[in-house]
Each structure stands twice: as structure tokens, then as C-alpha cells.
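What follows is a short report on a single structure.
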Amino acid sequence: MNYKKISVSHISGAMGAEISGVDLSQRLDNKTFDEIHQALLEHLVIVFHDQTMNPDECKMFARKFGSLEPYPFVEGLSDHPEIFEIRKEPDEKRNFGGKWHSDMSFTNTPPMGTMLYALEVPSKGGDTMLTNLYLAYEALSDGMKKLLMGKNAEYSAALKHSGGRAAIMNSTRFDVANLDRAEEASLHPIVRTHPQTGRKALYISSGHLAKFENMTSEESKPLLDFLREHASQPDFTCRVQYRKGTLVLWDNRCTQHRALNDYHGERRVMHRLTIGSNERPQ
Ligand code: SIN
């Protein structure tokens, strides 16, 4: 893609781009937004540094991609319920989102995207790692692709190894919400086709993947463990580094991510907005 309104530079060989030349607090003209959208589809995660945005401006930008969806297990900000704060204090050891996952894959219509806006960052560390699930699919053998094609898996919010919910439950910083939804689970194809790019992705959401449809957890485990390991190998990943005012947007339909927890003793504060989708993964 030949970008005219924005500058785009790669973060890694696998995925991710930094975008400059745009102030996201301003209303974007259609051409600029189209290029940003195109960059998201092409690079899967896009990063804008040095943005100065209030919650209304974050919402205005996020809504250009779709309607906002509250995260089910944490209360949003009182004035902006669509936004919730991911905060780790210097005295906390656990972090939120510290295990590989694709956001809310346990719902029937998982969100298309997630946006983080960095309010306070540690002096070092606190990066987000992401992995490219198109590459994960494409690197499989033809035999494995055939085996997985048409198979559904169960994605659950309730898994013990899902660091996200466990971290919320054990944290005093979050106002936990909707515990009645804590056992929520959904069936989705393990190989999904992106509705806009038409590319196939391995839909690995490591912390939420429970088992294959019509199989037991024990029967599913060896293959799921292989796929989890395969999907997160370093060659498929990139690492997003934050400074105050960094805004990141990733596409949950072809990536999974994890928040690194390597900054104990320092504070990290992000505003998270989740961009919904009305589509079931296909
Ligand atoms: C998340 O999983 O939404 C959190 C990611 C992060 O804080 O880096």
C-alpha cells in the first residue's frame, strides 16, 4: 500500500507498524482514516506515539472502527463506562492480560479490535507482545491444515490457566463485574477467515481455549498445547513499547497478545477500549 497521508514503519518482520504524521485528537478526514484502517488490516497492530487524548477523543477515534463494547468483568470509568482502566501499582505482583489470549474469544461475537492508550508507563518494560495468527496458520503443514479445517473449539472465560480473569479476581484494584458470566463459553472455528482481508488465521486464544467440539479436554490437550506453542513462536511476534501518550490498536481476528509483567515496583496505567463486532467468527 502506498500511504500518502500517514507515514508507516515496520515494528518487526512478522507484524506491527508505527504510524506517524497524524494527531488522533482531531477529526480525521476520510482519506486519512482509510489509510489508517488499511494499515491496521495490513500490519495487524498499529502504534501511534506522542498522542494527547482525553477519553472522549479516544472514544471518537475508536468508534470510527465500530461500536464500543464494555469488557464484561471489570467496571468501566464512571463517566465513560466503555473505557476501563488497566492499572498495576508498584506493590502489585500480578498483571492483567499476562497470558496469551485474543480478547473475549469466549463470547459469541468476539470484538474486532482493542485499543490501549498509555497514561503512565514504567521506566522500562511493560510492553505488549502480539503474535500474527495468519503466519501461524500458513506455517502449518498441509496435513495439519486439513485436520483442523472445519473443526470447532470451545473458548471459555472460566479456565484456570487464563491469567486475565484470575488476575482480576485476585486484584483489589478492579471493581469486578458480571460474575454470573464467569463460566461463559462459545464455539468457534479453530481456523477462521478474516471478514475483510479474506486470509485464514489460526484462532488461538491460549488462555481461553478449552477443548475441541465433541472431544474431551484430555483428548484435546496434546493438539491444543502444540497449537498454543506453535502460534506464539518468536518469529510470528512483535513487541509494542509504550511511552506516555502511546495509542495502540490491534485486530483480535488475526492476533493474540499478552502483557509483559517485567516492571515490578513501578506503576503502569492504560485506558482500554474494546471495539465490538456483530460477526461470529467464520
Ligand atoms: C489486555 O490484554 O487487554 C492488556 C494488554 C496490556 O495491558 O498490555
Side-chain angles (χ1 to χ4, degrees), residues 11-12 15-16 18 44-49 58 62 65 68-77 82-90 92-107 110-122 124-131 133 155-157 159 161-171 173-174 176-177 203-209 228 231-232 237-264 266-277:
I11 295 177
S12 82
M15 65 186 304
E18 279 185 17
L44 291 53
V45 54
I46 49 178
V47 181
F48 306 79
H49 290 301
C58 285
F65 294 88
L68 299 183
E69 192 173 320
Y71 180 70
F73 301 125
V74 180
E75 294 291 350
L77 303 180
E82 312 89 335
I83 300 179
F84 80 93
E85 191 171 82
I86 300 173
R87 170 187 290 267
K88 181 170 175 249
E89 292 289 353
E92 285 185 287
K93 284 283 181 275
R94 286 175 177 273
N95 72 339
F96 174 83
K99 298 268 166 64
W100 286 109
H101 64 285
S102 179
D103 286 326
M104 292 161 62
S105 57
F106 47 82
T107 60
M112 65 74 49
T114 299
M115 198 170 112
L116 290 186
Y117 179 65
L119 296 171
E120 196 170 334
V121 297
K124 55 182 169 20
D127 303 345
T128 307
M129 289 205 65
L130 295 104
T131 186
L133 297 177
Y155 298 73
S156 168
L159 297 182
H161 64 269
S162 159
R165 200 170 68 83
I168 294 168
M169 300 309 174
N170 289 321
S171 172
R173 317 280 177 199
F174 285 112
V176 177
Y203 191 32
I204 299 299
S205 180
S206 296
H208 301 151
L209 254 180
R228 287 188 183 102
S232 56
T237 67
C238 79
R239 187 170 176 139
V240 172
Q241 292 187 307
Y242 297 93
R243 39 195 199 242
K244 181 174 159 45
T246 298
L247 183 139
V248 171
L249 173 62
W250 62 73
D251 188 332
N252 286 306
R253 300 166 294 186
C254 49
T255 65
Q256 65 167 347
H257 60 276
R258 59 178 288 188
L260 298 188
N261 194 10
D262 54 357
Y263 57 95
H264 297 318
E266 295 199 62
R267 183 178 291 118
R268 179 182 187 267
V269 186
M270 302 275 170
H271 275 178
R272 176 174 136 170
L273 295 83
T274 314
I275 302 164
S277 150

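As a basis for the values below, the full set of heavy atoms in this structure was taken, side chains included, without hydrogen atoms, waters or symmetry mates. Numbering of ligands and ligand atoms starts at 1, following listing order. Starting from 1, each residue takes its place in the sequence as its number.
Checking side-chain atoms of Arg243 against main-chain N and O of Glu120 turns up no donor-acceptor pair under 3.5 Å. In this structure a side-chain-to-backbone donor-acceptor pair under 3.5 Å is present from Ser12 to Thr237.
Side chain to side chain, Thr274 and Asp103 fail the donor-acceptor criterion of an N or O pair below 3.5 Å. Ser205 and His101 are not linked by any side-chain donor-acceptor pair at a separation below 3.5 angstrom, with hydrogens and angles left out of the test.
Close contacts of ligand 1 with Gly97, meaning ligand atoms under 4.0 Å from a residue heavy atom, involve 2 (O). Taking a cut-off of under 4.0 Å to the non-hydrogen atoms of His101, the atoms of ligand 1 that pass are 2 (O). Atoms of ligand 1 found under 4.0 Å from any heavy atom of Leu116, numbered from 1 in the order shown, are 5 (C), 6 (C), 7 (O), 8 (O).
A cation-pi contact, defined as under 6.0 Å to the ring centre and within 45° of the axis, links Arg268 to Tyr242. Remark: Lys88 qualifies as a cation-pi partner of Tyr263 under the 6.0 Å distance and 45° angle criteria applied to the six-membered ring.
By heavy-atom distance, the residue among Gly207, Ala259, Ser102 lying nearest atom 5 (C) of ligand 1 is Ala259.
Residue Arg272 touches ligand 1 through its side chain alone, judged by heavy-atom distances below 4.0 Å. At a heavy-atom distance under 4.0 Å, only side-chain atoms of Arg268, from C-beta outward, approach ligand 1.
Nearest protein heavy-atom neighbour of atom 8 (O) of ligand 1: Thr128 OG1, 2.6 Å. Of the protein's non-hydrogen atoms, the one nearest atom 4 (C) of ligand 1 is Ile86 CD1, 3.7 Å.
Ring orientation note: the planes of Trp250 and His257 are tilted relative to one another, at an angle of 30° to 60°.
Within the structure, the closest approach of Thr114 to ligand 1 does not fall below 4.0 Å when heavy atoms are considered. Using a 4.0 angstrom heavy-atom cutoff, His257 counts as in contact with ligand 1.
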